[in-house]
Amino acid sequence: MTEPIIQARQVEKYYAQSRDARIQVIAPTDLAIFPGEIVALLGPSGSGKSTLLRMLSGLSRPTGGSVLWHGRDLSSTEINVSIVFQSFALFPWLTVLENVEAPLKARGMEAHARYRRSLRILDTVGLDGFEAAYPKELSGGMRQRVGFARALVVEPEVLFMDEPFSALDVLTADNLRSELLELWQKKTIPTQAIFLVTHNIEEAVLLADRIIVLGRNPGHVRTDFKVALTHPRERKNAAFTALVDYIYKVLTRPDVAPAEMPVLEDGRRVRDQRQMRYEMLPHARPGGIAGLLELIIDLGGRTDIYRLADELAFEIDDLFPIVEAAQLLGFLKVEEGDAVITPEGKTYAESEILKQKELFRKAAVDHVLLLRQITRALANKSDHSVSEEFFLDLLDEQFSDEECANQLSTAINWGRYAELFDWDDARRRFIYHEHEGEEAPVPAPEQAG
Amino acid sequence: MRPRLTLSRALVAERTWPFFIDVSVAAALLAGFYAILWIAKFWFSSAIPEVEIYRSPSHLPLYAFYSLVRIFVAYALSLLFAVAYGYTAAYNKRLESLMIAVLDILQSIPVLSFLPGVMLAMMSLFPSRQLGIEFGAILLIFTGEVWNMAFSFYTSLKSIPRELMEACTINRFSRWQRLFQLELPFGAIGLIWNSIVSVANGWFFLMVCEMFPVGSRNFRLPGLGSYLQTAASNGDFVAVTWGLLTMVLIIVLADQVLWRPLIAWSDKFKFENVESSNRVTSPVLDALRNSRVVGVINRYTFRPLVERVYRDLAQRRRNKKPRSERKEASKVTTAIYLVVAAVALVAIGILAFHAVLLLKDIHRREFLSLLGGAGLTFARVNAALLIGSLWTIPVGVAIGFNPRLSHIAQPVAQIAASFPATALFPLILVALMRLGLGLGIGSVALMLLAAQWYILFNVIAGAQAIPSDLREVSALFRFRDVQRWTTVILPGIFPFLITGLITASGGAWNASIVAEYFHLKGQTLATLGLGAQISLASDQANYPVLLAATMIMALMVVTINRLVWRPLYHLAETKYRLD
Ligand SMILES: Nc1ncnc2c1ncn2[C@@H]1O[C@H](COP(=O)(O)OP(=O)(O)OP(=O)(O)O)[C@@H](O)[C@H]1O
Ligand SMILES: [Mg+2]
């Protein structure tokens, strides 16, 4: 995986409603924009799409959380982004050329170079010969072309668009959309990523590599998935309509959790991107988890965590990782400061040792992405062994070096206990673990190496 | 004229702010009044050189030139100040309410009350007496011109669409680039129309400022105003006619050479993204646009300069510290603000207290007579507004509904409105005298002269704003005249009428000071009224009474604004909105 260009961490936004009341428009949200992708943001009116776009582009500061630009705080770095607005936001008193030149002027570019660059971009968006016209003399579609030219002339790394096609008629919008896509795919423009806010589901599925659907009151991510359809996309295509239907269902049923993701024709299921993030593994031993669960069962299945720490004469900081681990595996829930055992947790704690391992194995694969990836990789590799390096590289992007090592050691610990894999400490490799009465799977296409 | 942008002083009615701000502004004004008097005390009453004003028409070109220079300097100062003031008020959250309250109150107080004090103070500040009077006059004209422009610019800034601002931010415009490419163009139309009103106001005050007595002394500046006054008080009507002709010439020239080209040019700043059909044309502008010389000058001086400025600005920003470091500084700024505010408050408190002490010299009887005068002037102002509405509503609606008529009548009315009523006063007074009418009624006529245009232009704009389908409906259903007026026309023009009346009422109050008290042919004509009392007190250098009378007038204007106009305006904006 590559580094995100823009990363929002737990951003939230409040607006003052009256003198002393404020309203939360965006709930704490994580979101990242990666190079090479077109991200479409969908959501009902007033769900905070524009607000989110403004925070990601640095136009407005989040009330809480932070936005990073290549890993550094957005507000203290020079960023290179542009916005295309629904209302075009052109200066009516400037000619088309002057409008396009304005951002370059702001950057102090020399007059001649500025002129040449502007003419070239006007040519690119098909406005050749309109330099001297004023925006009010142009049709809506032409005006938005000026909007695109003004946004692209600075060669932005990320191009933001807030409903750029909504004010245009259907045909014009279609034209402009496909021209934009062509510029993007042929890499005529050096833009690294596009973030598109839209109301139009089909537009999102036509253009986007990734779609995020926002829910309302306060704004939160309801689903976030990749669109793996190849271009050019056909509206009549079954996979296309399946996706549109799915998004439509998500949008129209705000009260229920998003439905099962559709399966595409190649048999792969669309996956929620948020599930693709590595959970932070708490550094707890499997034995400790079982011990904690037994204690809680003795206390009637529910207990205050601080009281428990007191009774055991534990430091609360020592107890927390164990509680979190149990929670991550679905054995515990935390409600109002009380740890409550789940049915799965109860079964687990009350089973004999072999059964426990099996239950742990299942919970770990279900809930821990890293463990799931390790087992899949081992099952698919012809020699059934994978080096540590491979996973360190994957983790690297999300955690510090030290934490990567810690995460991996916890994962090894859990995996060995659950007999998910074996660990060769000398060669620092994961080895496939053969369960009794089961043959090692043969990887489908034999490959040397 | 242009709809309601023109009279943006009325737009203050849209806003409300806490009462204590009003009180502080009032205190600050009292303090200012006292400070002016205090400075004026340093003027040792050595004889002032009384400039002789010649009545021969051959002196007129020079006098006209002097007056023009005064008007121009005052206007240039007003424009700069208005832009700076509007900008600060719009972007400084801490100062916004205070600055708008100051605007509201300053445009409600009678400028002319400050005439004697300001003149004396300026003379003690400047080494040369003549220069002192000169600056005093310019300062007063400035005060009469600046507020509506400042408010117009402030309102424009506040109504800039959010996305345009964001386009500037995302494209890293510097503040200067934003000012020149967004804010000034966006505010240009409002500023231009308000400039026309302001300059007309400037002439109104100039006529009075150029020549007036304080106590036994006569202050005179050579100029068109002093020429007209001298001619009138000598009963030389040939000279008066020459003076008025010169005035007409200046107004017409200004209209053709300055305002029309500006209005035509400002058409490109219209924000509506549609081409409008009836626009002002100006041959002067066309000539300028097609002129080679202008193009060449532009290419070799203006453009390279602009390029340099933009490069420097971009350079400067690159060297600037990142934002996080500057956050520390904002705490310091807050502290400085607080200290300055505290010092200012204490100074204001002390000075205001002294000013109030002045008032204790006033007799109860005098005070009651001031109140009586206030009542009379109030009645006259309302009479003037009523008469004004009676003729302007039908005429304005007729002009507004008839494009052909409006094509002819609008420019004429615009020129008529630019003509300073004060220049006509002497002539009209003589005419009234011949008819045997006293100044009691005559002053109503004079106020009407000063105030009626505001109503007329707004009614025209209101009538033009009534959608034609509404008028077609009334024709379709064969509404009778009464019904047409009560269901379509009056409600349609109501918001505009209110705006016009607010402005006209302010103008009428201000005019009362010159209208109720007049020197003509060596004698003083006066009628009972607050305006006359202010003029008399200023003539006699009776500062306690001047202060009391001014306060009463300002209080009445502000109170009427708050209790009558603001609710009416609110009603107009909510119930009678047509868009
Ligand atoms: N400056 C502001 N002050 C107060 N509330 C605001 C402000 N801007 C937006 N809001 C509120 O925040 C909420 C989200 O607004 P936002 O414009 O982000 O929604 P959106 O999803 O873009 O809607 P739409 O689809 O209509 O463009 C809305 O309820 C809006 O009223
Ligand atoms: Mg929006």
Side-chain angles (χ1 to χ4, degrees), chain A residues 50 53-54 57-61 72-95 98-112 114-115 134-140 143 146-147 150-151 153-154 156 158-160 162-163 167, chain B residues 18 93 160-189 265-276 299 303-327:
Chain A
S50 302
L53 178 140
R54 288 191 166 88
S57 59
L59 273 181
S60 82
R61 269 167 180 273
R72 300 181 39 199
D73 193 58
L74 186 89
S75 56
S76 59
T77 30
E78 184 104 318
I79 65 172
N80 187 15
V81 299
S82 276
I83 302 187
V84 176
F85 296 94
Q86 177 180 9
S87 63
F88 319 137
L90 301 173
F91 303 112
W93 38 83
L94 299 183
T95 62
E98 286 166 336
N99 263 295
V100 176
E101 277 189 314
L104 299 178
K105 234 178 182 173
R107 287 160 162 80
M109 194 185 244
E110 186 266 322
H112 194 63
R114 193 175 70 207
Y115 178 73
Y134 283 94
K136 58 182 98 170
E137 298 161 3
L138 303 178
S139 66
R143 281 184 213 167
V146 183
R150 185 179 65 184
V153 76
V154 298
V158 181
L159 176 65
F160 288 92
D162 196 349
E163 304 189 24
Chain B
K93 292 228 163 51
I160 291 179
R162 179 178 178 183
E163 301 200 330
L164 280 185
M165 280 306 229
E166 289 178 341
C168 291
T169 313
I170 206 79
N171 286 319
R172 304 192 217 151
F173 281 20
S174 57
R175 278 176 168 241
W176 288 104
Q177 188 174 6
R178 199 177 67 192
L179 183 69
F180 285 115
Q181 293 204 315
L182 174 59
E183 286 152 348
L184 281 179
F186 196 84
I189 294 183
W265 174 71
S266 72
D267 199 60
K268 73 176 195 171
F269 300 124
K270 280 220 180 93
F271 193 68
E272 305 93 73
N273 270 323
V274 280
E275 289 277 337
S276 61
R299 175 138 10 107
R303 251 193 253 162
L305 191 78
V306 170
E307 286 300 330
R308 262 212 72 141
V309 171
Y310 278 121
R311 255 205 311 284
D312 288 354
L313 284 173
Q315 190 68 40
R316 188 131 38 103
R317 207 187 18 225
R318 248 173 255 139
N319 301 336
K320 218 166 48 179
K321 333 184 226 183
R323 223 183 293 174
S324 50
E325 280 177 55
R326 281 187 287 144
K327 230 167 90 206

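The sequence lines fix the lettering, A, B, ..., with proteins before strands; numbering per chain opens at 1.
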| In terms of heavy-atom pairs under 4.5 Å with chain A, which of B/D312, B/T169, B/N171, B/V306 leads? | B/N171
| field | chain A contacts, top residue of B/K268, B/R311, B/M165 (heavy-atom pairs, under 4.5 Å) | value | B/K268
Please classify the contact between [X] and chain B as side chain, backbone, both or neither, with a heavy-atom cut-off of under 4.5 Å.
| X | value |
| --- | --- |
| A/Y134 | side chain |
| A/L138 | neither |
| A/N80 | both |
| A/A102 | both |
| A/L104 | neither |

Supply the atom-to-atom distance [X] [atom1] to [Y] [atom2], rounded to the nearest 0.5 angstrom.
| X | Y | atom1 | atom2 | value |
| --- | --- | --- | --- | --- |
| B/I170 | A/R54 | CD1 | CZ | 10.0 Å |
| A/K105 | B/F173 | NZ | CZ | 9.0 Å |
| A/S87 | B/E166 | OG | CD | 9.0 Å |
| A/L59 | A/I83 | CG | CD1 | 4.0 Å |

| query | Can you tell if the side chain of A/R114 reaches within under 4.5 Å of the side chain of A/R107, non-hydrogen atoms only? | reply | no
| query | Looking at side-chain heavy atoms only, is the closest gap between A/R143 and A/L90 below 4.5 Å? | reply | yes
| request: May I ask you to name which of A/A151, A/S57, A/A89 has the most heavy-atom pairs under 4.5 Å with chain B? | output: A/A89
| message | Under a 4.5 Å cutoff for heavy-atom pairs, which residue among A/E110, A/R150, A/Q86 has the most contacts with chain B? | response | A/R150
| query | Looking only at heavy atoms, which two atoms of A/A167 and A/F88 are closest? And how far apart? | reply | CB-CZ, 4.3 Å
| message | If you compare all heavy atoms of A/G147 against all heavy atoms of A/V84, which two are closest, and at what distance to 0.1 Å? | response | O-CG2, 4.3 Å
| said: Walk me through whether A/F91 and B/F186 qualify under side chain to side chain contact (heavy atoms under 4.5 Å, CB included). | reply: CA-CA 9 Å; A/F91 303 112; B/F186 196 84; over 6 Å; no
| Derivation and outcome, side chain to side chain contact (heavy atoms under 4.5 Å, CB included), residues A/V81 and A/F160 | CA-CA 7 Å; A/V81 299; A/F160 288 92; 3.8 Å; yes
| Partners meeting salt bridge (Lys or Arg N to Asp or Glu O under 4.0 Å) with A/R72 (sequence neighbours left out) | none
| query | Considering only heavy atoms, which portion of B/E307 lies under 4.5 Å from any heavy atom of chain A: side chain, backbone, both, or neither? | reply | side chain
| message | Sub-4.5 Å heavy-atom contacts with chain A: which residues of residues 174-184 of chain B show up? | response | B/Q177, B/Q181, B/L182
